Protein chains: 2
Amino acid sequence: MNERSDYINMLESNAVDPTPLREAVLMSIGEDSRPLAAAEIMAAVRSRMSINKVTLYRILDLLVGKGLVKRLSAGDRAYRYGMAKTRHHQAHPHFVCSRCGVMECLEPGLFCIDIRKFQTNSKRIIKYVDVRFEGICESCIKAQK
Amino acid sequence: MNERSDYINMLESNAVDPTPLREAVLMSIGEDSRPLAAAEIMAAVRSRMSINKVTLYRILDLLVGKGLVKRLSAGDRAYRYGMAKTRHHQAHPHFVCSRCGVMECLEPGLFCIDIRKFQTNSKRIIKYVDVRFEGICESCIKAQK
DNA sequence: CAATACTTGCAACTAAGTTGCATATAGGGC
DNA sequence: GCCCTATATGCAACTTAGTTGCAAGTATTG
């Protein structure tokens, strides 16, 4: 999807020192079409270099804090991390397979929710909406045939 | 909301032996307007009787398995448990406060998602849709003033 | 080159939930 | 009533995913 230099750029333009590990973490997330669990990111980074899990979690926290990465909940107990929405990357619903736990992105705009509508008749402040579909993914359907 | 006997009835009509602990767990969930975390259910039950955490989790698994209770994800690492949808209890979106973590139910029908629409242009089997709003709850807004 | 700040690693810890196994407790059959 | 089996509960130890404290390494800056 992107050049290495694009990731370095993203880091720098968010005032994050682009260390090799940070670059590798961001790239692992950015190069995958699906949001990944920390363990998957760890495996991806470790295929190229060595990283400690604490460092990984701290880099993830940093990237989430800087708004580069979005922390998603998959309905199980492990977060998934995906690239945050940018000009080229709209908000979209996600799908989680209840058999294998994989998370996939669905097309944006399949439906849109107007947060302001809720805002008016609510005493709460609403910031995000998260739409998650659950079911069986394509490869699990194939596998059981 | 309900009589004790209603909960016993629910259990029996789902072929679950209505032991005092199961009844207390189901009642704790049913009498609260919000879906509760396991720790909250534990506290509620323990105010009346003694229960071990393993027993609680096993009862929760059983009730979820029998379709009496729904396991919800709040975006943090603890599940919430709420009464499953019945004739009198429609599916509805939830709200989670990102400050205190409380989960609340929103009115059903504020928007409806047609699962079949997704089904047609998807190679996946979709079973549920989960809509979760995130923001600041009323009492946290008051607290900061 | 020393002082300081930032980054990474290691070990130990935490929260939420799970597993294995032992001990109740409840019904059936005789 | 007593034995046998099935189900329910409890206790301890374990697991997973993530966090904290602190030490050591690296970089930057005056």
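Just so it is clear: chains get the letters A, B, ... in the order the sequence lines come, proteins before strands, and each one is counted from 1. This is a predicted model, so every value here is computed, not measured.
When side chains are defined from C-beta on, A/E134 does not count as touching B/K127, because their heavy atoms never get closer than 4.5 Å. The closest side-chain heavy-atom distance from A/E3 to A/D6 is below 4.5 Å. Looking at heavy atoms from C-beta onward, B/V96 lies out of side-chain contact with A/D130 at the 4.5 angstrom threshold.
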Below 3.5 Å is the cut-off: list the nitrogen or oxygen pairs between protein and nucleotides 5-11 of chain C, distance only.
{"residue": "C/dT7", "atom": "OP1", "partner": "A/R22", "partner atom": "NH1", "Å": "2.7"}
{"residue": "C/dT7", "atom": "OP1", "partner": "A/R22", "partner atom": "NH2", "Å": "3.3"}
{"residue": "C/dT7", "atom": "OP2", "partner": "A/R22", "partner atom": "NH2", "Å": "3.2"}
{"residue": "C/dT7", "atom": "O5'", "partner": "A/R22", "partner atom": "NH2", "Å": "3.2"}
{"residue": "C/dT8", "atom": "OP1", "partner": "A/T19", "partner atom": "OG1", "Å": "2.9"}
{"residue": "C/dG9", "atom": "OP2", "partner": "A/N52", "partner atom": "N", "Å": "3.2"}
{"residue": "C/dG9", "atom": "OP2", "partner": "A/T55", "partner atom": "OG1", "Å": "2.8"}
{"residue": "C/dG9", "atom": "N7", "partner": "A/R58", "partner atom": "NH2", "Å": "2.9"}
{"residue": "C/dG9", "atom": "O6", "partner": "A/R58", "partner atom": "NH1", "Å": "3.4"}
{"residue": "C/dG9", "atom": "O6", "partner": "A/R58", "partner atom": "NH2", "Å": "2.6"}
{"residue": "C/dC10", "atom": "OP2", "partner": "A/N52", "partner atom": "ND2", "Å": "3.4"}

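Of all heavy-atom pairs between A/I126 and B/F133, the closest is CG2-CD2, 3.6 Å. Closest approach of B/S28 to B/I41, counting heavy atoms only: CB-CG2, 4.3 Å.
Within the structure, a side-chain polar atom (N or O) of B/Y57 is placed less than 4.0 Å from OP1 or OP2 of C/dG17.
A donor-acceptor pair shorter than 3.5 Å cannot be found between the side chains of A/Y7 and A/E12.
Distance OH (A/Y79) to P (D/dG18): 7 Å, rounded to an integer number of Å. Atom C1' of nucleotide D/dA8 and atom CG of B/L26 are separated by 17 Å, given to the nearest angstrom. Residue A/E40 contributes atom CD, which lies 10 Å from atom P of D/dA17 at whole-angstrom precision. Counting to the nearest Å, the C1' atom of C/dT18 and the CZ atom of A/R77 are 10 Å from each other.
Across all strands shown, A/A39 has no heavy atoms under 4.0 Å from either base or sugar-phosphate atoms.
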Please tabulate, for side-chain N and O atoms in residues 62-78 of chain B, each donor-acceptor pair with protein atoms closer than 3.5 Å (sequence neighbours left out).
{"residue": "B/R71", "atom": "NH1", "partner": "B/Y81", "partner atom": "OH", "Å": "3.0"}
{"residue": "B/R71", "atom": "NH2", "partner": "B/D61", "partner atom": "OD1", "Å": "3.2"}
{"residue": "B/S73", "atom": "OG", "partner": "A/R132", "partner atom": "NH2", "Å": "3.2"}
{"residue": "B/D76", "atom": "OD1", "partner": "B/A78", "partner atom": "N", "Å": "3.1"}
{"residue": "B/D76", "atom": "OD1", "partner": "B/R80", "partner atom": "NH2", "Å": "2.8"}
{"residue": "B/D76", "atom": "OD2", "partner": "B/R80", "partner atom": "NH2", "Å": "2.3"}
{"residue": "B/R77", "atom": "NH1", "partner": "A/R77", "partner atom": "O", "Å": "2.5"}

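For the atom pair CE of A/M27 and CZ of A/R22, the computed distance is 15.5 Å after rounding to the nearest 0.5 Å.
Across residues 64-76 of chain A, not one residue has a non-hydrogen atom less than 4.0 Å from an atom of DNA chain C.
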